[in-house]
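Here is how names work: the chains are called A, B, and so on, in the same order as the sequence lines, proteins then strands, and each is numbered from 1.
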Protein chains: 2
Amino acid sequence: MTLSEENYLKAVYHLESTFPEGVPTNAIAEEMKTKPSSATDMIKRLAEKDLLAYKPYQGAKLNPTGRNHAIKVIRKHRLWESFLVEKLNFSWDEVHEIAEQLEHIKSDKLIRELDNFLGNPKTDPHGDPIPDEDGNIEIIQKRVLSELEKGDEGICVGVNDSSSAFLQYLDKNEISLGKKIEILEKEEFDNSLVIKVNGKSMSISNLAANNLYIKKYA
Amino acid sequence: MTLSEENYLKAVYHLESTFPEGVPTNAIAEEMKTKPSSATDMIKRLAEKDLLAYKPYQGAKLNPTGRNHAIKVIRKHRLWESFLVEKLNFSWDEVHEIAEQLEHIKSDKLIRELDNFLGNPKTDPHGDPIPDEDGNIEIIQKRVLSELEKGDEGICVGVNDSSSAFLQYLDKNEISLGKKIEILEKEEFDNSLVIKVNGKSMSISNLAANNLYIKKYA
DNA sequence: AACAATTTTTAGCTTTGTCTAAAATTTATT
DNA sequence: AATAAATTTTAGACAAAGCTAAAAATTGTT
């Protein structure tokens, strides 16, 4: 399994939630920042290797073997991100690129020991669940902040956009995982929200609210 | 700088102590487990990129830029080996292959933080010196055990052969870095030695004694 | 000095993963 | 249903890094 093959599997895995009937070539190409023709080539190779199902013009669907591989890579990515933040003083907006490299290191023992060393964390620094050794991945029920209604309350459990820009915006406004958020107002005009967090009220754009995951209080 | 280029630089660096007048193509090919023709190709590319001096049939010589790159890779390799042993319960014979992968991860901050996290170790688990951030590498004055004479004493400071087989042999005989070793006898016939270590005497073959570095007491 | 042996280089081919441009297929629109 | 638009695939090229086989240069031996 080459580095590039692993990255494609991961891309297909992530896109499957948006395209459950088959992930389009163009979507894969965009995710991988390559051209559709390149994506086609790679998808064919992965189908050849029996990691996914592919019918021309019908998109790609991981089979259990391929999904397993993808999940293993994701497990490694999220464990390394946790390591960087917990042990090496990285902030949550600095870890993605490095974890993209580290996730391809091959050693079962390494990742098992790393998991133990970190105390078997359940989620990574962005709130995403870390699959266990057998590939089981906990589905955290979450919704985007913008879905909530006036008066609703919840806690911040993750982000959809892991870009430095967004994460630093959150840092600046003291919004982090575990924080309690209450909807004070919904502005019809631009779908922005007024929320209460840290006892203070602030305004948050629809774009930002679309990228913040909340677990609503029951 | 590709992974392969980094590995070649490292190979040339290691071979320069044996071939100070220029590292022969064949030696590089052997070290890299490729064919001489492949080595020639790569050496030319590295010369093209101004990392080493190359004249056909004259071997390769790193220039300061190339040497710097090589040392950085070696620094990363040895820090990762230390991490694996100190933090993740690896033994010294298990770390080499994984460090070969980890040494290519690109992030200055990562390696700086890792160094601090480990408490800025001076040597790796095999006794090899870890270069500092500026590429300064301490030359530990050492000699192979087989050079010592009857009655000499010293402490074990490193190994020349990092193979699992050799390291496990040392483990089995409770020889590790820092151990005091005294030469009780030299056997003329096969150049084996009788040594005292851990208060017990044992016999050690010439081959083994050639791969164990000792710092002789002044 | 001449020939043999060794070392090194060159030339040409392969695979991986990318690209562009053109062809084919599917979807949308009138 | 026919045509336009969008998507996807095919065909052919390219760079990296390796290979084999053959040529060239160097070194060693008589």
>> For D:dA16 and B:Tyr8 - does any side-chain N or O of the residue sit under 4.0 Å from the phosphate oxygens OP1/OP2?
In response: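 So the side-chain polar atoms of B:Tyr8 never come under 4.0 Å of the phosphate oxygens OP1 or OP2 of D:dA16.
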> Between A:Lys44 and D:dT9, is there a side-chain N or O to OP1/OP2 distance below 4.0 Å?
Replying inline: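 Result: no.
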Could you state the atom-to-atom distance from [atom1] of [X] to [atom2] of [N] in whole Å?
X	N	atom1	atom2	value
A:Lys55	D:dT9	NZ	P	13 Å
A:Leu46	C:dT16	CG	P	12 Å
B:Met32	D:dC19	CE	P	10 Å
B:Asn26	C:dT6	CG	P	12 Å
A:Glu30	D:dT8	CD	C1'	15 Å
B:Ile28	C:dT7	CD1	P	14 Å

> Using 30° and 60° as the class limits, which term best fits the ring planes of A:Phe83 and B:Phe83: parallel, tilted or perpendicular?
Replying inline: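 Rings of A:Phe83 and B:Phe83: tilted, 30 to 60°.
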Output yes when [X] and [Y] qualify as a salt bridge under the 4.0 Å nitrogen-oxygen rule, no when they do not.
X	Y	answer
A:Lys122	A:Glu138	no
B:Arg75	B:Asp115	yes
A:Glu133	A:Arg112	yes
A:Lys76	A:Glu100	no
B:Lys72	B:Glu6	no

> Is the count of non-hydrogen atoms from other residues, nucleotides or ligands lying under 6.0 Å from B:Lys10 atom NZ greater than 12?
Replying inline: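 Result for NZ/B:Lys10: enclosed.
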> Should we say atom NZ of B:Lys215 is surrounded by more than 12 heavy atoms from elsewhere, each under 6.0 Å from it?
Replying inline: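 No, because the 6.0 Å sphere around NZ of B:Lys215 holds 12 heavy atoms or fewer from other groups.
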> Do B:His96 and B:His126 pass the ring pair (Phe, Tyr, Trp, His ring centres under 6.0 Å) test, and can you show the C-alpha distance, the side-chain angles, and the key distance before you say yes or no?
Replying inline: CA-CA 10 Å; B:His96 186 74; B:His126 309 114; 7.4 Å; no
> Got a sec? Which of residues 98-105 of chain A come in under 4.0 Å of DNA chain D, heavy atoms?
Replying inline: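 Hits under 4.0 Å, by residue number: none.
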> Step by step, would you call A:Val85 with A:Val95 a side-chain contact (heavy atoms from CB on, under 4.5 Å)?
Replying inline: CA-CA 7 Å; A:Val85 168; A:Val95 296; 3.7 Å; yes
> Has B:Lys142 got its NZ or CZ under 6.0 Å from the middle of the six-membered ring of B:Tyr213, at an angle within 45 degrees of the ring axis?
Replying inline: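 Output yes; distance and angle both within limits.
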> If you check the B:Thr34 side chain, which of D:dG18, C:dT8, C:dT18 turns out closest?
Replying inline: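 Within the option list, the nearest is D:dG18.
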> Which residue, B:Tyr54 or A:Glu5, contacts DNA chain C at a nucleotide closer to its 5' end, judged by nearest heavy atom?
Replying inline: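 In this pair, the answer is B:Tyr54.
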List, with names and distances, any nitrogen or oxygen atoms from the protein found under 3.5 Å away from nitrogen or oxygen atoms belonging to nucleotides 24-28 of chain C.
from	atom 1	to	atom 2	distance (Å)
C:dT25	O4'	A:Tyr57	OH	3.2

> Which of residues 35-42 of chain A have a heavy atom under 4.0 Å from DNA chain C?
Replying inline: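 Heavy-atom contacts with DNA chain C come from A:Lys35, A:Ser37, A:Ser38, A:Asp41, A:Met42.
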